[in-house]
Amino acid sequence: MIDMPQLTKRVTMIELFYDLVFAYMISQATSLIHHLSHGTVSPISFLIFAVVVIVFINSWMVQSVFTNRFGSSSWTDIAFYFVDMMILLYMTNSFGNTSSENMTTFFMAASLLSLTLLLQYLIVYFKADYQADKDIAKVFSGILLFRTLTLLIGGLSNTDWARLVAFLGSSSAGSYQALQVIY
């Protein structure tokens, strides 16, 4: 059995900027529940807010796991960071159009974000020297493939069933991911 080297990683400026974009995005997501109807937040508005936050937090967690486990501050990693930040900013600016009837823009952008995360894990899978790294990358690739496809269904078909598939797929992928990390 080969022992894996223990690495101490410093937080880079790009990681901090990425986290700042996520903080901005979460603050902008609150605009979804900002408008009150008769003094309360409508259940639909709250559900949309919950979906948006679940997708964002899950994406941030997947990226954080990747960065902490495999991140190397390479040009490839930096390029993915910038692409992901552009997608996040686009998603953040699409909140004005987000309603229960039209979540197409959000789901399409979320599926693209999930796809970029999937590509990062696939790169690790094919380049990894250690079997443990390959196993982790394989699990996360499967989760992200499932998540990408369900979000894509929600984005391509603006129907109630498609939005339900996207919501359940994105939230169940996050639950499965948490179980994989814990156990």
Side-chain angles (χ1 to χ4, degrees), residues 1-26 29 51-92 105-156 165-183:
M1 183 169 151
I2 300 173
D3 289 331
M4 292 183 52
Q6 295 295 320
L7 300 175
T8 303
K9 291 187 179 182
R10 303 187 79 184
V11 177
T12 65
M13 293 302 276
I14 189 80
E15 292 172 56
L16 293 173
F17 190 62
Y18 187 75
D19 290 346
L20 185 62
V21 169
F22 263 95
Y24 170 73
M25 181 221 27
I26 293 294
V51 168
V52 167
V53 170
I54 287 169
V55 169
F56 281 153
I57 296 294
N58 183 263
S59 298
W60 179 78
M61 288 188 324
V62 169
Q63 182 63 53
S64 295
V65 168
F66 178 85
T67 300
N68 291 328
R69 178 70 185 209
F70 306 113
S72 62
S73 295
S74 67
W75 285 108
T76 304
D77 289 351
I78 291 170
F80 274 111
Y81 268 120
F82 277 108
V83 168
D84 289 350
M85 284 188 278
M86 286 187 295
I87 294 168
L88 287 169
L89 290 173
Y90 177 77
M91 289 169 70
T92 301
T105 304
F106 174 77
F107 284 135
M108 290 302 287
S111 66
L112 185 58
L113 179 64
S114 189
L115 179 65
T116 63
L117 295 168
L118 170 63
L119 292 174
Q120 286 179 290
Y121 277 98
L122 286 175
I123 290 169
V124 166
Y125 179 78
F126 290 112
K127 286 187 170 183
D129 294 329
Y130 299 107
Q131 187 60 41
D133 289 344
K134 283 187 176 285
D135 292 343
I136 291 169
K138 183 178 178 182
V139 168
F140 274 92
S141 294
I143 293 167
L144 288 165
L145 178 62
F146 176 72
R147 183 173 175 237
T148 301
L149 292 175
T150 58
L151 288 167
L152 193 59
I153 289 169
L156 292 175
V165 166
F167 171 69
L168 293 175
S170 63
S171 59
S172 65
S175 301
Y176 182 74
Q177 169 198 339
L179 290 174
Q180 289 295 319
V181 171
I182 292 171
Y183 299 107

Min side-chain heavy-atom separation [X]-[Y] under 4.5 Å:
{"X": "I57", "Y": "I26", "answer": "yes"}
{"X": "I136", "Y": "Y130", "answer": "no"}
{"X": "L89", "Y": "M86", "answer": "no"}
{"X": "F22", "Y": "Q63", "answer": "no"}
{"X": "V124", "Y": "F66", "answer": "yes"}
{"X": "Q120", "Y": "L144", "answer": "no"}
{"X": "T105", "Y": "Y90", "answer": "yes"}
{"X": "D135", "Y": "V139", "answer": "no"}

Evaluation steps, side chain to side chain contact (heavy atoms under 4.5 Å, CB included), between V165 and F107: CA-CA 11 Å; V165 166; F107 284 135; over 6 Å; no

Inspect the contact between D133 and R69 and indicate whether a charged nitrogen and a carboxylate oxygen are less than 4.0 angstrom apart. yes

Contacts of [X] that satisfy side chain to side chain contact (heavy atoms under 4.5 Å, CB included) - sequence neighbours left out:
{"X": "K134", "result": "Y125, A128, Q131"}
{"X": "L20", "result": "F17"}
{"X": "S141", "result": "L118, Y121, L122"}
{"X": "L152", "result": "M108, S111, L156"}

Within this structure, what is the OG-CG distance for the pair S59 and L88, rounded to the nearest 0.5 Å? 7.0 Å

From CZ (R147) to CG (N58), nearest 0.5 Å: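 One finds 4.5 Å between CZ of R147 and CG of N58.
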
Per the side chain to side chain donor-acceptor pair (under 3.5 Å) rule, what does the pair list look like for residues 11-23, sequence neighbours excluded? T12-E15, D19-W60

Hey, is the main chain of G71 close enough, under 3.5 Å, to the side chain of D77 for a donor-acceptor pair?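 Judged by distance alone, no pair lies under 3.5 Å.
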
Check whether any side-chain N or O of N68 sits under 3.5 Å from a backbone N or O of S64 as a donor-acceptor pair, and report yes or no.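 Between the backbone of S64 and the side chain of N68 there is a qualifying donor-acceptor contact (under 3.5 Å).
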
Indicate the atoms forming the closest heavy-atom contact of [X] with [Y], along with that distance.
{"X": "A29", "Y": "V53", "answer": "CB-CG2, 4.4 Å"}
{"X": "A166", "Y": "G154", "answer": "CB-CA, 3.7 Å"}
{"X": "V55", "Y": "A110", "answer": "CG1-CB, 3.8 Å"}

Contacts of T150 that satisfy side chain to side chain donor-acceptor pair (under 3.5 Å) - sequence neighbours left out: none

Report the C-alpha separation of I123 and F70 in whole Å, then their side-chain angles, then the decisive distance to 0.1 Å, and conclude whether the side chain to side chain contact (heavy atoms under 4.5 Å, CB included) test is met. CA-CA 10 Å; I123 290 169; F70 306 113; over 6 Å; no

